[in-house]
Amino acid sequence: MSTRIAFLKGHGTENDFVIVPDPENAIDLPPAAVAALCDRRAGIGGDGVLHVVRSAAHPEAREMAAEAEWFMDYRNGDGSVAEMCGNGVRVFARYLQRAGHVAEGDLAVATRGGVKTVHIAKDGDVTVGMGKALLPEGDVTVSVGERSWPARNVNMGNPHAVAFVDDLAHAGDLLAPPPFSPPTAYPDGVNVEFAIDRAPGHIAMRVHERGSGETRSCGTGACAVAVAAARRDGADPAVTGTPATYTVDLPGGTLVITERPDGEIEMTGPAVIVAEGEIDAEWLENVAL
């Protein structure tokens, strides 16, 4: 390992990430190292790490290399591996553009949740094809303190429980994962969204991301909330043939979510690179012990 490792810092609606370019997958990033990088006092600080690797160089992505040159090896802030991160994909694409690997227009990004289509617009916004939502059957309940709400089970490549509440303050501090039942609904944990209506087609939300706590934004969570709202409102684009679009306000900004009649979900929002620098490799090796 070299004595210095390049990194960048970026965010999408204030969901922030440490970006580690590593085309040949030569940098070892065990969970402890990732958690140290994401530490906001002793590290760089972030909700997660975007490990940028060529698909052909990563054992989990080689089968996707023919479709997507680049693999987003995403890790949560606690070092755990995640299937997908919608805001992360946008920031990942912005990095690829900044580095000269891609230009404005369309590209494909490999993730553990499959290959995602991305469009980098001239106005700076990035649109990500988030795939189709799965709506597992069965009743789910989430709780905060003495309050409980029915929740919609939505899978966006990662699991979500969406609860519509009267006041976002009812979600509490979201430091600890909100309890859910039945336990069998989410054997690997779940992202929990609390949502309120602001106007027709306009929703506000807060989210507890598993492995990260409350974050300023969650792209897959915004998609899950939009799908849950559409079904609650009696809208199913696959049935009506009409796209369903929701504006979703998060603490860190606003995303626009559209579910198309073919079931594909598109998410549009900003992606910003704010800094770049070098990580001391000796420090990273020590914190990984």
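Heavy-atom basis, side chains included; hydrogens, waters and symmetry copies ignored. This one's a predicted model, so the numbers in the text were calculated from it and none came from an experiment.
- Between the side chains of Glu209 and Thr215, at least one donor N or O sits under 3.5 Å from an acceptor N or O.
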Val144/Val165 under side chain to side chain contact (heavy atoms under 4.5 Å, CB included): CA gap, chis, key distance, verdict: CA-CA 11 Å; Val144 175; Val165 298; over 6 Å; no
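- At a threshold of 4.5 Å between non-hydrogen side-chain atoms, the residues Lys132 and Glu259 do not count as touching.
- Residues Val126 and Val118 form a side-chain contact, since some pair of their non-hydrogen atoms from C-beta on lies under 4.5 Å apart.
- Rounded to the nearest 0.5 angstrom, Met267 CE and Ile265 CD1 are separated by 10.5 Å.
- Under a 3.5 Å cut-off, the side chain of Arg94 and the backbone N or O of Val272 do not form any donor-acceptor pair.
- Under the 3.5 Å distance criterion, with hydrogens and angles disregarded, no donor-acceptor pair is assigned to the side chains of Thr13 and Asn15.
- Looking at Asp236, its side chain does come within 3.5 Å of a backbone N or O of Ala238 through a donor-acceptor pair.
- Scanning for side-chain hydrogen bond (donor to acceptor under 3.5 Å, both in side chains) contacts around Thr117 gives an empty result, with sequence neighbours left out.
- Closest of all the heavy-atom pairs between Ala151 and Val142 is CB-CG1, 4.0 Å.
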Salt bridge (Lys or Arg N to Asp or Glu O under 4.0 Å) between Asp166 and Arg147, worked out: CA-CA 11 Å; Asp166 295 326; Arg147 292 188 174 95; over 6 Å; no
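- Between Pro21 and Ile27, the shortest heavy-atom contact is O-CD1, 4.1 Å.
- Expressed to the nearest 0.5 Å, how far OG of Ser148 lies from CZ of Phe180 amounts to 13.5 Å.
- Tracing side-chain contacts under 4.5 Å through hydrophobic residues (I, L, V, M, F, W, Y), one never reaches Val20 starting from Leu8; they form parts of separate clusters.
- No side-chain heavy atom of Tyr74 sits under 4.5 Å from any side-chain heavy atom of Met84.
- Using a 4.5 Å heavy-atom cutoff, the side chains of Val109 and Val115 are not in contact.
- Placement of Ile44 and Val49 within a single hydrophobic cluster is found when ILVMFWY residues are connected by side-chain heavy-atom separations under 4.5 Å, directly or transitively.
- With rounding to the nearest 0.5 Å, the separation of CD in Glu285 from CG in Asp280 is 9.0 Å.
- In this structure, the side chains of Glu60 and Val53 stay at 4.5 Å or more apart for every pair of heavy atoms.
- Taking 4.0 Å as the cut-off between side-chain N and carboxylate O, Glu67 and Lys116 do not count as a salt-bridged pair.
- Listed for the Asp39 side chain is a donor-acceptor partner under 3.5 Å among the backbone atoms of Ala42.
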Test log, rule ring pair (Phe, Tyr, Trp, His ring centres under 6.0 Å), inputs Trp149 and Phe194: CA-CA 10 Å; Trp149 303 268; Phe194 298 89; 5.6 Å; yes
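- For the pair Arg260 and Asp262, the salt-bridge criterion is met [side-chain N within less than 4.0 Å of a carboxylate O].
- Using a cutoff of 4.0 Å between basic side-chain nitrogens and carboxylate oxygens, Arg206 and Asp249 are not scored as salt-bridged.
- Of the possible polar contacts, one joining the Ser212 side chain to the Asp47 backbone as a donor-acceptor pair under 3.5 Å is found.
- Counting heavy atoms from C-beta on, the side chains of Val225 and Arg152 never come closer than 4.5 Å.
- With Lys9 contributing its side chain and Gly46 its backbone, the two residues share no donor-acceptor pair below 3.5 Å.
- Scanning all heavy atoms of the two residues, the minimum distance from Asn153 to Pro136 falls at O-CD, 3.3 Å.
- More than 12 heavy atoms of other residues, nucleotides or ligands shown are found within 6.0 angstrom of CG on Asn286.
- Judged purely by atom type and a 3.5 angstrom limit, Thr111 uses its side chain to pair as donor or acceptor with the backbone of Gly113.
- Using a 4.0 Å cut-off between charged side-chain N and carboxylate O, Arg98 and Glu276 make a salt bridge.
- Of the possible donor and acceptor atoms, none in the side chain of Ser80 sits under 3.5 Å from a partner among the backbone N and O of Gly211.
- When all heavy atoms are compared, the tightest approach of Cys218 to Val207 is CB-CG1, 3.7 Å.
- Using a cutoff of 4.0 Å between basic side-chain nitrogens and carboxylate oxygens, Asp22 and Arg54 are not scored as salt-bridged.
- No single ILVMFWY cluster, assembled from side-chain heavy atoms under 4.5 Å apart, contains both Val162 and Leu168.
- In this structure, CG in Leu284 is found 6.5 Å from CG in Leu29, a value given to the nearest 0.5 Å.
- Atom CZ of Arg90 sits about 10.0 Å away from atom NE2 of His11, to the nearest 0.5 Å.
- Using a 4.0 Å cut-off between charged side-chain N and carboxylate O, Arg112 and Asp73 make a salt bridge.
- The pair Arg75-Glu83 does not meet the salt-bridge criterion, since no charged nitrogen lies less than 4.0 angstrom from a carboxylate oxygen.
- The hydrophobic clustering, which links ILVMFWY residues whose side-chain heavy atoms are closer than 4.5 Å, places Leu50 and Val128 together.
- In this structure, Asp123 contributes its side chain and Asp125 its backbone to a donor-acceptor pair below 3.5 Å.
- Atom CE of Met64 sits about 14.0 Å away from atom CD of Glu69, to the nearest 0.5 Å.
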Side chain to side chain contact (heavy atoms under 4.5 Å, CB included) between Glu214 and Leu175, intermediate numbers included: CA-CA 6 Å; Glu214 182 173 15; Leu175 295 176; over 6 Å; no
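- For the residue pair Ala68 and Ala110, the shortest heavy atom distance occurs at CB-N, 3.5 Å.
- Here the rule is side chain to side chain contact (heavy atoms under 4.5 Å, CB included) with Arg210, and of Val192, Asp188, Val190 only Asp188 fits it.
- Between Thr247 and Ile257 the shortest side-chain heavy-atom distance does not fall below 4.5 Å.
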Chi angles and distances behind the side chain to side chain donor-acceptor pair (under 3.5 Å) call for Asp233, Tyr246: CA-CA 11 Å; Asp233 296 341; Tyr246 285 82; 2.7 Å; yes
Full working for side chain to side chain contact (heavy atoms under 4.5 Å, CB included) between Ile273 and Ile19: CA-CA 9 Å; Ile273 304 296; Ile19 305 161; 3.6 Å; yes
Full working for side chain to side chain contact (heavy atoms under 4.5 Å, CB included) between Arg40 and Asp16: CA-CA 11 Å; Arg40 297 189 183 278; Asp16 62 334; 2.8 Å; yes
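- Side-chain atoms of Thr220 and Asn158 include a donor-acceptor pair closer than 3.5 Å.
- When all heavy atoms of Ala281 and Ile5 are compared, the closest pair comes out as CB-CD1, 4.1 Å.
- Looking at heavy atoms from C-beta onward, His51 lies out of side-chain contact with Phe71 at the 4.5 angstrom threshold.
- In this structure, Val81 is not a member of the same hydrophobic cluster as Phe17, with clusters built from ILVMFWY side-chain heavy atoms closer than 4.5 Å.
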